[in-house]
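A short worksheet on the structure shown next.
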Amino acid sequence: MQMKQVPAALSLSDLAHLGDGEVAYIRKISATDVGRCFPEAPDLDPDIDLWALFGADGTPILLTDNRSSTFFKAAEDQLKTVTVH
């Protein structure tokens with residue numbers, strides 16, 4: 001991925017689309033937050049460890065109980081990944 005020249009001032013729209021189709025982030029997600037991010041998901045055991053892959057703009061891409069799967073999906077979609085804490 002090549003570095004892009006970013007203007008000194010970004011509009012909210014520009015900022016929202018920065019990294020679209022190029023960058024995704026991975027974060028651990030609680031079962032209670034699943035419904036907000038993945039409304040089609042069934043009720044899940046609150047004790048299960050879940051991982052989610054999101055597009056740079058926050059669009060949900062994948063929900064899994066296997067962190068490695070998020071990296072495989074990102075690679076399959078040719079996305080660079082970052083982890084959010």
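All residue numbers refer to positions in the sequence shown, counting from 1.
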- Message: Do C37 and R27 make a side-chain contact, defined as non-hydrogen atoms from C-beta onward lying under 4.5 Å apart?
- Response: yes

- Do T70 and T81 come within less than 4.5 Å of each other through their side chains, counting heavy atoms only? no

About how many Å separate [atom2] of [Y] and [atom1] of [X], when rounded to the nearest 0.5 Å?
X   : Y   : atom1 : atom2 : value
F71 : L62 : CZ    : CG    : 11.5 Å
I26 : I61 : CD1   : CD1   : 9.5 Å
L53 : K73 : CG    : NZ    : 8.0 Å
L44 : S30 : CG    : OG    : 10.5 Å

- Backbone N/O of L79 and side chain of D77: donor-acceptor pair under 3.5 Å: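 No, D77 side chain to L79 backbone: no donor-acceptor pair under 3.5 Å.
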
- Item | Verdict with reasoning, L50 to K28, per side-chain contact (heavy atoms from CB on, under 4.5 Å) | CA-CA 6 Å; L50 298 168; K28 194 171 187 178; over 6 Å; no

- Message: Is it the case that the side chains of T59 and D57 hold a donor-acceptor pair, with the cut-off being a distance below 3.5 Å and no angle test?
- Response: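 D57 vs T59: donor-acceptor pair found between side chains.
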
- A31 versus P46, closest heavy-atom pair with distance: CB-CA, 3.7 Å

- Message: Parallel, tilted or perpendicular: which one describes the rings of F54 and F38, with boundaries at 30° and 60°?
- Response: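 Answer is tilted, since the angle falls between 30° and 60°.
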
- Task: I would like to know whether D65 and W51 meet side-chain contact (heavy atoms from CB on, under 4.5 Å); could you show each step before the answer?
- Result: CA-CA 6 Å; D65 63 348; W51 295 91; over 6 Å; no

- Message: For the CG atom on D43, are there more than 12 heavy atoms of other groups (residues, nucleotides or ligands in this structure) within a distance under 6.0 Å?
- Response: no

